[in-house]
Amino acid sequence: MIVTIDGPAGSGKSTAARGLAARLGFDYLDTGAMFRAVGLALRDAADADAVLAAVRLEMPPGRVLLDGRDVTADIRTPAAAQAASRVATVPAVRQFLAAEQRRIAAGRDMVCEGRDQGTAVFPDAACKFYLVADPLARAERRHRELVAKGEAVVLADVLAQQQERDARDAGRAAAPMRPAADAVVIDTTGLSPDDVLARLEEVV
Ligand code: C5P
């Protein structure tokens with residue numbers, strides 16, 4: 001069984017997806033981490049196709065390995081988020097990662113989190129969610145997370161980068177960020193993580 005959770009950055013989908021997977025006894029797939037790792041792999045690449053043909057991406061629980069190197073921490077910076085959303089507009093990158101995501105999920109019960117899981121990668125998923133929240137609430141959430149990790153960032157910059165990333169993710173031609181027609185849309189503004197999880201569980 002596949003459950004998809006899509007939505008913009010800071011909508012609470014990572015916490016919800018992890019929590020739901022734990023509650024259901026499902027595996028969890030963070031597809032944003034895959035885009036972030038490919039963003040890193042392509043950072044200095046002259047020939048993107050050659051890199052994609054050779055790159056090795058492994059997703060053991062809670063970690064991301066790029067060609068055998070642990071990049072779990074490296075992919076969590078604001079710069080890595082911007083790099084991810086830029087490579088995410090490239091159709092060859094999306095095709096490569098969609099195939100990887102389907103391969104990883106084959107035969108498993110999985111909660112798949114991202115931007116296009118319900119629309120493009122798993123259109124037949126049993127259960128689809130799309131999480132939204134007020135832009136300022138999302139930026140505040142993201143800002144708190146980054147500060148807690150020791151990043152020196154100010155809220156105004158987080159908000160500006162969020163707007164840039166949202167516009168790029170929703171505006172691209174290839175698998176743009178949007179709710180699937182059959183997704184349950186949940187506005188998480190003002191909801192606690194427990195409230196969100198309870199609502200997801202009820203629907204599943
Ligand atoms: O979710 P996260 O913030 O880690 O995603 C980083 C970027 O990767 C997003 O801004 C988006 O551009 C891209 N992405 C995507 N499709 C997915 C997951 C992430 O395009 N399924």
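- The shortest distance between side-chain heavy atoms of Val3 and Phe26 falls below 4.5 Å.
- Hydrophobic clustering, defined by side-chain heavy atoms of Ile, Leu, Val, Met, Phe, Trp and Tyr closer than 4.5 Å, groups Val153 together with Leu146, Val147, Val158.
- There is no side-chain donor-acceptor pair under 3.5 Å between Asp194 and Ser192.
- No side-chain donor-acceptor contact under 3.5 Å links Arg63 to the backbone of Thr72.
- Using a 4.5 Å heavy-atom cutoff, the side chains of Asp30 and Met34 are not in contact.
- Asp169 places no side-chain N or O within 3.5 Å of a backbone atom of Met177 that could act as its donor or acceptor partner.
- Counting only residues at least two apart or in different chains, salt bridge (charged side-chain N to carboxylate O under 4.0 Å, His left out) contacts with residues 88-101 comprise Arg94-Asp116, Glu100-Arg103.
- How far CD of Gln82 is from CD of Gln161: 4.5 Å, rounded to the nearest 0.5 Å.
- Among Ile5, Val185, Val111, the single residue meeting the side chain to side chain contact (heavy atoms under 4.5 Å, CB included) criterion with Phe129 is Ile5.
- Following chains of ILVMFWY side-chain contacts shorter than 4.5 Å, one cannot reach Ile104 starting from Tyr28, and the two form parts of different hydrophobic clusters.
- Closest approach of Ala33 to Arg76, counting heavy atoms only: CB-NH2, 3.5 Å.
- Cluster annotation: Val184 is not connected to Tyr130 through the hydrophobic network of ILVMFWY side chains, with a link wherever side-chain heavy atoms come within less than 4.5 Å.
- Taking the side chain as every heavy atom from C-beta outward, Val71 and Leu65 never approach each other to under 4.5 Å.
- Remark: side-chain polar atoms of Arg102 are paired, donor with acceptor, to backbone N or O of Val121 under 3.5 angstrom.
- Using modelled atom types, one side-chain atom of Gln162 and one backbone atom of Ala139 make a donor-acceptor pair closer than 3.5 Å.
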Working for side-chain contact (heavy atoms from CB on, under 4.5 Å), residues Val132 and Thr189: CA-CA 8 Å; Val132 296; Thr189 312; over 6 Å; no

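- To the nearest 0.5 Å, the span separating CE on Met110 from CD1 on Ile2 amounts to 7.0 Å.
- Put simply, the side chain of Lys149 does not reach to within 4.5 Å of the side chain of Arg144, judged on heavy atoms.
- Taking each heavy atom of Leu159 and Pro135 in turn, the nearest pair found is CD1-O, 3.9 Å.
- Here the closest non-hydrogen pair linking Ala16 and Leu131 is CB-CD2, 4.0 Å.
- At least one donor-acceptor pair closer than 3.5 Å links the side chain of Asp6 to the backbone N or O of Gly118.
- Contact check for Arg108 versus Met1: no side-chain heavy atoms found under the 4.5 Å cut-off.
- Between the side chain of Lys128 and the main chain of Pro123, a donor-acceptor pair closer than 3.5 Å is present.
- Here the shortest heavy-atom pairing between Leu57 and Ala37 reads CD1-CB, 3.5 Å.
- Defined by atom type and a distance below 3.5 Å, a donor-acceptor pair is present between the side-chain atoms of Ser14 and Glu113.
- Between the side chain of Thr15 and the backbone N or O of Gly12, no donor-acceptor pair lies under 3.5 Å.
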Run the salt bridge (charged side-chain N to carboxylate O under 4.0 Å, His left out) test on Glu58 and Arg56 for me, step by step, so that the C-alpha distance in whole Å, both residues' side-chain angles and the decisive distance to 0.1 Å come before the verdict. CA-CA 7 Å; Glu58 292 161 275; Arg56 216 160 26 90; 3.2 Å; yes

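- A donor-acceptor contact closer than 3.5 angstrom links the side chains of Ser85 and Arg168.
- Distance check: His143 NE2 to Glu151 CD gives 10.5 Å after rounding to the nearest 0.5 Å.
- The CG atom of Asp27 lies 8.0 Å from the CG atom of Asp109; values are rounded to the nearest 0.5 Å.
- Between Ala174 and Arg172, the shortest heavy-atom distance links the atoms O-NE, 2.9 Å.
- Leu97 places a side-chain heavy atom less than 4.5 Å from the side chain of Val38.
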What do the steps show when you test Arg199 against Val203 for side-chain contact (heavy atoms from CB on, under 4.5 Å), and what is the final call? CA-CA 6 Å; Arg199 177 81 187 102; Val203 174; 3.4 Å; yes

Check the pair Val64 / Asp70 against side-chain contact (heavy atoms from CB on, under 4.5 Å), numbers first and verdict last. CA-CA 6 Å; Val64 182; Asp70 192 324; 5.9 Å; no

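- Here the closest non-hydrogen pair linking Arg138 and Gly10 is CG-O, 3.3 Å.
- Inter-residue side-chain proximity for Cys112 and Gln101 is flagged as unmet; no heavy-atom pair is nearer than 4.5 Å.
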Output, in order, the C-alpha distance, side-chain angles, deciding distance and verdict of side-chain contact (heavy atoms from CB on, under 4.5 Å) for Leu24 and Leu20. CA-CA 6 Å; Leu24 298 173; Leu20 185 65; 3.7 Å; yes

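- The CG atom of Asp49 sits 11.5 Å away from the CZ atom of Phe96 when rounded to the nearest 0.5 Å.
- Between the side chain of Arg36 and the main chain of Ile75, a donor-acceptor pair closer than 3.5 Å is present.
- The cluster map of Ile, Leu, Val, Met, Phe, Trp and Tyr, joined by side-chain heavy atoms under 4.5 Å apart, puts Leu197 and Leu29 in different clusters.
- Side chain of Arg178 to main chain of Ala170: no donor-acceptor pair is present (N/O by atom type, distance under 3.5 Å, no hydrogens or angles).
- Between the Thr188 side chain and the Ser11 main chain, a donor and an acceptor come within less than 3.5 Å of each other.
- If you take CZ on Arg23 and CG on Leu200, they are separated by 10.0 Å, rounding to the nearest 0.5 Å.
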